[in-house]
*Asks:* 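The structure that follows is given in the form of C-alpha cells.
When a ligand or atom number is given, it counts from 1 through the structure's own listing order.
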Amino acid sequence: MTTAPTTSTTPSASGVLGSITPALLAWLATRVTAAGHDTVTTLAPYTLEPLATLPVSSPKVVTEAFLTAREAQRAWAARPARDRAAVLLRFHDLVLDRQDAALDLMQAENGKPRRDAFLEITDIAATARYYARMGPSLLKPRRRSGTIPGLTRTRELHHPKGVIAVISPWNYPLSMAAGDTIAALMAGNAVVQKPDTQTALTALWAHELLAEAGLPAGVWQLVVGSGSSIGPALMAGADYVMFTGSTATGRSIARDAGERLIGASLELGGKNPMLVLADADLDQAVEGAIRACFPSAGQLCVSIERLYVHDSLYDEFTTRFAARTRELTLGAGFDYGYDVGSLTNPAQLSTVTAHVDDAVATGATVLAGGRARPDLGPLFYEPTILTGVTSDAVCYRAETFGPLVSVYPYSTDEEAIALANDTEYGLNASVWTTSPRHGRQVAAQIHAGTVNINEAFAAAWGSLDAPMGGMGDSGLGRRHGADGLLKYTEAQTIAHQRLHPIAPARGMDHDTFAKAITTGLRLLKRTRLR
Ligand code: NAD
C-alpha cells in the first residue's frame, strides 16, 4: 500500500474541497482496484466544478476483479472469525480517528452539510463494532434438534457465499459504501463493489482504511462505472448481490438474480409517512419533523415525505413547523455551521422543482420554501412544505428524494393508518405520541419495515441488532442484525444418525413400524419434548 497524501488545513483554491487536497483526490483515484483505460470526471455539487477524474472499469476488468476476489476469499474465509472481527475493530478506530478527511470527502462529493456527514461516521463505526462483536457467535455452528431425540445429532453450519456484488448509491457515500460490505466481509466473503461514480472517492477512502486495519489485498475490490456498462459483469460474477438504489433498478437486478438463481437483498425507495397522533407533544413533534424531512436535503431513503397531523393539532403544528423550517440555514461550508446543504446532481434539482411546480399547479399551497437558491450554489433548493396536495399531484405518491414534505390533516387513528398505508412502498415510518402503548398499537399496523416512535428514523436505523429493510416496493431482504450477516452465508445442515436408522428395525414389518412411529409422535407431543 502506498501512503496517502496528507490533508491541508486551509481550503483548496476552488473552495469545494475543505481540507482535502487535489493530490489526495488524485491519489485516491489511483486506488480503484480494477481500472480500465477510460476516465470519468465527477463534479462538486456545491459549485458544479470538476472534482475528480477516475478510471472507469471495463466489463473485462470487472470479470478479472471477481477472479482476484475469489482467490483472496479462500484464505480470508479460512481465518478464524475472531481474526476477521479484529480487522473490523481496528477499522472502527481508524474511522473515528481520521473522520475529518471523510467528512470533507462526503461533503465535496455529495453536497450534504457536515452534521449529516457525521452521522455516517457514527453509523459505520457502530456497524463495524456490532458485527465484530456479534459476528463470531452468529457464525458459530449450532446444535439443532434432530429427527429422533437422542439418536439424530444435527448441527447448522454457515459457510460464506463466496464473492458478493455490492452495488450502492450516492446519497450516503460512506454508510452505503461500507455498511453492507462490513457484514459481508465478517461472514468470510470477498466483495466486488460498485459505488455510484459520484461518490466513489469516499468508498475508496474507506477501502484504504480497511486495508490499513488489516484486510488482505484482493478481498474487497472496488470498480467504477455505469450500471448499463458493468452491471451485467457484476451480475454474472456474483454469488449474491446486495443492491441499494431505486425500485426500478432493483427490479432489473432481481430479474437477473432470478435468472442465475442467486440471492439478492434489495434496499429500495420509499414514500415514508410520519403520524402526529392527537396525544403528541407538539414541541417534540415539530423538531422531530425537521429531523425527519430535511437531512441530506431529503436525499435519504428513510426520510419523511408525507406528514399526517391530527385535526386538533394541525393548525398549530403547521404554523410552527413552517416557522422552524424557514429558520433553517442553508449553505456550503466544511464546518458544522449549516443545517441544510445542496442537492447532489442536476437531475435531483429537476425532480424537486418539477414535483413542487406540479403540486402547486394541481392545487397545493407552499407553506415554506418552494424555490431553488442559485445564489447559494447551482443545486440548492429550500426545504419545502406543501399543504393541500391532491391525489392528482405527482408527489402525492411518487418518491421525490428531496427536501419536500406534504402535510395532511386526519381525524381518527384508523384514517391516519389507512393514509400511511396508501402507498406501494413500505420502508420507514414515524409515529409521535405521549403514550408508548398508543404508539406501539399504531406502529404495528403500519406497513413498513421500520417504524420509529418519537424519532424520525435514527432510532430504528441505529438499532443495529434489529433488522432494517423494506416491505412492498421498498425492497426484499434485510440489513442489520443477524439477518444482515447470515444472508451472506449458505446454511448447511449436517445430521448424524446414531445407533438406529430411520427405518424399520431388522425383521420389523412396515405396519408395525407405522404404529410405533405414530405412538412416538403422540408421545413427543404429550411429553412436550418437541
Ligand atoms: P439507482 O438505482 O439509479 O442507482 C443505484 C446504484 O445502482 C448506482 O451505483 C448505479 O450506478 C447502479 N446501477 C444502476 N443501474 C444498474 C444496473 N442495471 N446494474 C447494476 N447497477 C446499476 O438509484 P439512485 O437514484 O442512484 O439512488 C436513489 C434511490 O436509492 C432512491 O430511490 C432511494 O430511496 C434509494 N435508496 C434506498 C436505500 C435503502 O436503504 N432502502 C438507501 C439509499 C437509497
Side-chain angles (χ1 to χ4, degrees), residues 40 42 54 56-57 59 62 109-110 112 116 119-120 123 127 165-180 192-200 202-203 222-238 241-257 259-260 264-272 295-305 343-348 350-352 398-402 423-429 448-450 457 460-461 467-480 484:
V40 59
T42 59
L54 293 145
V56 172
S57 313
V62 172
E109 289 194 304
N110 173 280
K112 64 177 61 192
D116 293 335
L119 283 183
E120 301 197 50
D123 177 44
T127 305
V166 177
I167 302 173
S168 40
W170 44 264
N171 65 326
Y172 271 64
L174 184 60
S175 285
M176 294 293 123
D180 299 307
V192 177
Q193 179 160 10
K194 190 193 96 54
D196 193 282
T197 306
Q198 176 64 35
T199 50
T202 306
L222 273 172
V223 300
V224 170
S226 69
S228 56
S229 146
I230 58 172
L234 283 161
M235 293 306 296
V241 57
M242 171 70 224
F243 172 79
T244 307
S246 64
T247 299
T249 311
R251 282 190 209 285
S252 106
I253 298 280
R255 269 192 297 273
D256 292 348
E259 192 57 43
R260 286 204 49 225
S265 191
L266 308 168
E267 297 286 345
L268 310 177
K271 186 76 185 172
N272 307 306
S296 289
Q299 300 173 128
L300 169 61
C301 57
V302 287
S303 65
I304 297 296
E305 296 196 2
L343 292 163
T344 303
N345 58 54
Q348 287 295 115
S350 306
T351 304
V352 175
E399 180 186 43
T400 304
F401 213 51
T423 174
E424 291 73 34
Y425 292 113
L427 189 57
N428 181 48
T450 49
F457 53 81
W461 180 283
M468 195 276 146
M471 298 180 181
D473 283 3
S474 289
L476 212 56
R478 295 289 183 267
R479 54 163 63 106
H480 298 170

*Asks:* Which pairs of N or O atoms, one from ligand 1 and one from the protein, are separated by less than 3.5 Å, and what is the distance for each pair?
*Replies:*
residue, atom, partner, partner atom, Å
ligand 1, 2 (O), Ser246, N, 2.9
ligand 1, 2 (O), Ser246, OG, 2.7
ligand 1, 2 (O), Thr249, OG1, 2.8
ligand 1, 9 (O), Ser168, O, 2.8
ligand 1, 9 (O), Lys194, NZ, 3.1
ligand 1, 11 (O), Lys194, NZ, 2.7
ligand 1, 23 (O), Ser246, N, 3.2
ligand 1, 26 (O), Trp170, NE1, 2.9
ligand 1, 30 (O), Gly245, O, 3.2
ligand 1, 32 (O), Glu399, OE1, 2.7
ligand 1, 34 (O), Glu399, OE2, 2.6
ligand 1, 40 (O), Arg479, NH1, 2.8
ligand 1, 41 (N), Leu268, N, 3.2
ligand 1, 41 (N), Leu268, O, 2.7

*Asks:* When you measure from the side chain of Asn428 to the backbone of Asn272, do you find a donor-acceptor pair of N or O atoms at a distance under 3.5 Å?
*Replies:* no
*Asks:* Looking only at side-chain N and O atoms, does Asp123 offer a donor or acceptor that is under 3.5 Å from a partner on Ser175?
*Replies:* yes
*Asks:* I want to check a possible cation-pi pair here: Lys194 against Phe243, using under 6.0 Å from ring centre and within 45° of the ring axis as the test.
*Replies:* no
*Asks:* Using a 4.5 Å cut-off on heavy atoms from C-beta on, say whether the side chain of Met242 contacts that of Arg479.
*Replies:* yes
*Asks:* Identify the residue among Thr42, Thr344, Thr202 that makes a side chain to side chain donor-acceptor pair (under 3.5 Å) with Glu109.
*Replies:* Thr202
*Asks:* Partners of Ala254 by side chain to side chain contact (heavy atoms under 4.5 Å, CB included), sequence neighbours excluded?
*Replies:* Leu266
